[in-house]
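Please read the structure below before turning to the comments.
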Amino acid sequence: MPPPPGPAAGRPLALGPVRLRNRFVSAPMERNYCEPDGTATDRYAAYLARRAHGGAALVFAEAAYVRADGKGRARQLGADTDARVPGLARLAKAVHDGGALFGVELNHGGRTAQSAVSGFRPVAPSPVPCLPAGGELPRQAPAAEVYELVEAYAEGARRCREAGVDVIMIHGAHGYLVHQFLSPARNLRTDEFADPLRFLGLVVEAVRERAGREVAVGLRVSAHEGFEGGLTAERTYDLISRTRLDLLDFLDVSAGSYEAGQWIIQPAEWERGLLAPYARRYRALGLPVGVAGRISTPDTAEAIVSGGSADFVSLARTLHADPDFPRHALAGRPHRPCIACNHCIDRLGSGEPIPCTVNARAGREHLPPGGGIREHLSASGGIREHLPSGGGIREHLPSGGDVREHLPLAEASATRLSVLVVGAGPAGLEVARLLAEQGQHVQVLEREEHVGGRAALAGRLRTYPEHHRLVRWCADELERLGVSVRTGVEVTREELARHRADAVVLATGGAGRVPSGVPGAGLPHVIDVRDWLALSRDVPRACVVWGADREGVAVADHLASGGAEVLLIGSQASLAPEVGRRAKILMVPRLTGNPKVRVLLESTVLAVEPDRLLVRSFDEEQWVPASGPLLVSQGVVPRTGLLAGCAAPLGVHVIGDATGGGSLHRCFADAEEVAGVIGSRRVQHW
């Protein structure tokens, strides 16, 4: 019988007693959206509901700890006491109202949990510390306590069932407790639990019994641990093939462990869908199989399902970036791309609600657009306040700067506004898109011959291969919305005055900063890294990168990977300290392990000559040979020349690098805030 028409990813799928409306699953992903005691919040409910409305068939919460000493994050979801049931029920209702099934993943951190978070000394199969999590020495659980841990999983399953959860997944991957019992590197026991399958088997039996037959029960596995001495793909498959599969309704295949975090959350430079070949093998076990791992395009998802590698796809960051990805994928419409920058994951340790670089609404679905923020306009002290609920903008320019007042409107206008956006970098493109979505008349002017700004430049580097997708999506969206974008236009104050726009947005970016007072800094071979990227894609035989910040390290890595001899000099104490560990998990080891790269940290350039540099490292000064171009990465100076004297009835708004530099995430957050303020059509005059 031929398959039904339409995309394979759009077909329903049975997981035991439940039925998925399509093959898109919103995978477990920690988010810091809970109360400190593990109770679900309205923020969490709104976030999950948005993914359900976006078309996912099954929406998971994050890994929920089943016992207090298994808690790994300050605001992780709990399933450890009956007090958590009402919160879980609130999440279930929110997801059900969006037309999707609701799932919870049961977990215990084991050796990855730390007493600073949980309040308890970690417990594990064996006393093997987890250095990436903090390195605290866990205590070995006596056999009697292992049975208590099994009961904790069972009780977690009961609470989920009582809360209306449709699908329970046992977390047997990523180096957590179940995975620790399976691993020869973590389970050093000599009692009955030396058998790697003993604990897993008991947990599966207990969860199945307590969940009942109306709830689907599955198991998430790591195809391999990802480090020498850990579980290989062959050994993992052998173990899973011998577990109680008769009590399970599906398997979900991921990879990695804390010691190989790049396999858990893959970097952008890795192939999309890279775990599909591992998942395909598990289909021979007779259960529906899902797979995770860089499934960030509709084509990747469809190829996996239609090609038989897996029955469903598990998407985390992809739906964090665009909750409507399933609907867009099935309808053949463009989607906002996840760029796999891992900013979301790197924010977990802070305890703050995790954001998304490219989607400022992620985690803020419970708030109306345009909530209040306060931010610095530049390093020189300017402040802009965006007031909540459409209250307008108050701007304080730096001491000695021009005073700008917003011109009042007689009353709030319901007419279409005219907005001029100067600059087509990521901040400018996004604010133009958001305003056009509101129905405003938007025009964008860009002095370069192309759009995208520094995001387009970053897309040329090895570690940021997905940035070009973001720039293309932004540009395509403006074309779809009918926004006029003119490139190659050098905007002057006179030009601004001629436009007579209701509001002006200055997204004019910044120019590279060259430290003043350094002899020789003006020599021809000294050039800012951004300017160099804009002018050349050739890899020199040798070069110097002056600055070990995010941009400098990324450029140094790119050039070294291309064969250049690189001298990297930075005043920083570590490489790219403003970047989280996951975001540089491949880049930094690759750079420091390259024999053609020399790194001088906590060092200052005192003088520049054509073929050498005077460098101070701590208290020692030395002349260092330095051939090739000298690429400077010392931050940016905001381009604010258009600010003085510029006025518009709904204000002049400065965003992105024009406020003093910052992250790509800040650009998109700025754009969302400013679009909300302009769209409110109300101005308060000071």
Side-chain angles (χ1 to χ4, degrees), residues 27 29-32 256 261-274 292-297 300 315-323 325 335-350 352-364 425-427 429-430 452-474 529-530 533 549-558 561 575-591 633 656-657 661-672:
M29 177 179 177
E30 291 183 52
R31 303 172 177 101
N32 284 343
Q262 67 272 24
W263 281 102
I264 302 176
I265 303 153
Q266 302 82 14
E269 57 191 87
W270 279 10
E271 179 186 3
R272 298 187 194 111
L274 74 167
R294 289 273 290 132
I295 305 171
S296 57
T297 68
T300 304
L315 314 174
R317 292 173 297 173
T318 295
L319 299 189
H320 194 58
D322 188 348
F325 178 88
H335 68 282
R336 182 197 298 264
C338 167
I339 58 174
C341 65
N342 286 339
H343 179 58
C344 52
I345 307 304
D346 277 327
R347 285 287 289 273
L348 272 177
S350 70
E352 303 170 74
I354 68 166
C356 175
T357 290
V358 303
N359 177 10
R361 294 296 296 163
R364 301 175 66 235
L429 292 173
E430 177 67 353
R454 64 186 177 97
L457 297 179
R460 299 178 179 181
L461 300 176
R462 175 176 182 175
T463 199
Y464 299 127
E466 297 283 16
H467 279 52
H468 73 279
R469 292 180 59 215
L470 179 63
V471 172
R472 185 170 65 244
W473 177 79
C474 290
V529 289
R530 298 158 194 82
L533 281 172
D549 58 1
R550 174 181 50 223
E551 291 80 7
V553 172
V555 169
D557 171 61
H558 179 79
S561 297
L575 294 176
E578 73 273 41
V579 178
R581 183 175 67 89
R582 299 276 190 173
K584 56 187 180 184
I585 198 166
L586 297 183
M587 180 173 63
V588 167
R590 183 169 59 219
L591 190 63
S633 187
D657 276 357
S663 66
L664 187 58
H665 165 251
R666 185 71 258 164
C667 289
F668 279 82
D670 276 0
E672 203 263 347

For [X], all residues meeting side chain to side chain contact (heavy atoms under 4.5 Å, CB included), sequence neighbours excluded:
| X | value |
| --- | --- |
| Val553 | Ala548, Leu568, Leu575, Ala576, Met587, Leu591 |
| Pro589 | none |
| Cys344 | Met29, Arg317, His320, Ile354 |

By ring-ring contact (aromatic ring centres under 6.0 Å, His included) - contacts of [X] (at least two apart):
| X | value |
| --- | --- |
| Tyr464 | His467 |
| His468 | none |
| His558 | none |

Ignoring hydrogens, what is the shortest heavy-atom contact between [X] and [Y]? Give both atom names and the distance.
| X | Y | value |
| --- | --- | --- |
| Leu429 | Gly452 | CD1-N, 4.1 Å |
| Ala669 | Ala360 | CA-CB, 4.0 Å |
| Pro267 | Leu586 | CG-CD1, 3.2 Å |
| Phe325 | Thr297 | CZ-C, 3.6 Å |
| Val358 | Phe668 | O-CD2, 3.6 Å |
| Gly552 | Ser633 | N-OG, 3.2 Å |

Q: Could you tell me which residues satisfy side-chain hydrogen bond (donor to acceptor under 3.5 Å, both in side chains) with Asn359, sequence neighbours excluded, listed by chain and number?
A: none

Q | For Thr318, all residues meeting side-chain hydrogen bond (donor to acceptor under 3.5 Å, both in side chains), sequence neighbours excluded | A |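 Residues passing side-chain hydrogen bond (donor to acceptor under 3.5 Å, both in side chains) with Thr318: none at all.
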
Under a 4.5 Å cut-off applied to non-hydrogen side-chain atoms, are [X] and [Y] in contact?
| X | Y | answer |
| --- | --- | --- |
| Asp322 | Trp473 | no |
| His665 | Cys341 | no |
| His343 | Ser663 | no |
| Trp263 | Ile585 | no |

Can you tell me how far [atom2] of [Y] sits from [atom1] of [X], rounded to the nearest 0.5 angstrom?
| X | Y | atom1 | atom2 | value |
| --- | --- | --- | --- | --- |
| Lys584 | Arg550 | NZ | CZ | 11.0 Å |
| Arg581 | Ile345 | CZ | CD1 | 11.0 Å |
| Ile339 | Leu664 | CD1 | CG | 5.0 Å |
| Ile295 | Cys338 | CD1 | SG | 12.0 Å |

Expected output: side-chain [X] to main-chain [Y] donor-acceptor under 3.5 Å:
| X | Y | result |
| --- | --- | --- |
| Asp346 | Ala583 | yes |
| Glu430 | Ala427 | no |
| Arg582 | Ile265 | no |

Listed partners of [X] passing salt bridge (charged side-chain N to carboxylate O under 4.0 Å, His left out), at least two apart:
| X | value |
| --- | --- |
| Glu466 | Arg272, Arg294, Arg469 |
| Glu352 | Arg347 |
| Arg590 | Glu269, Asp557 |

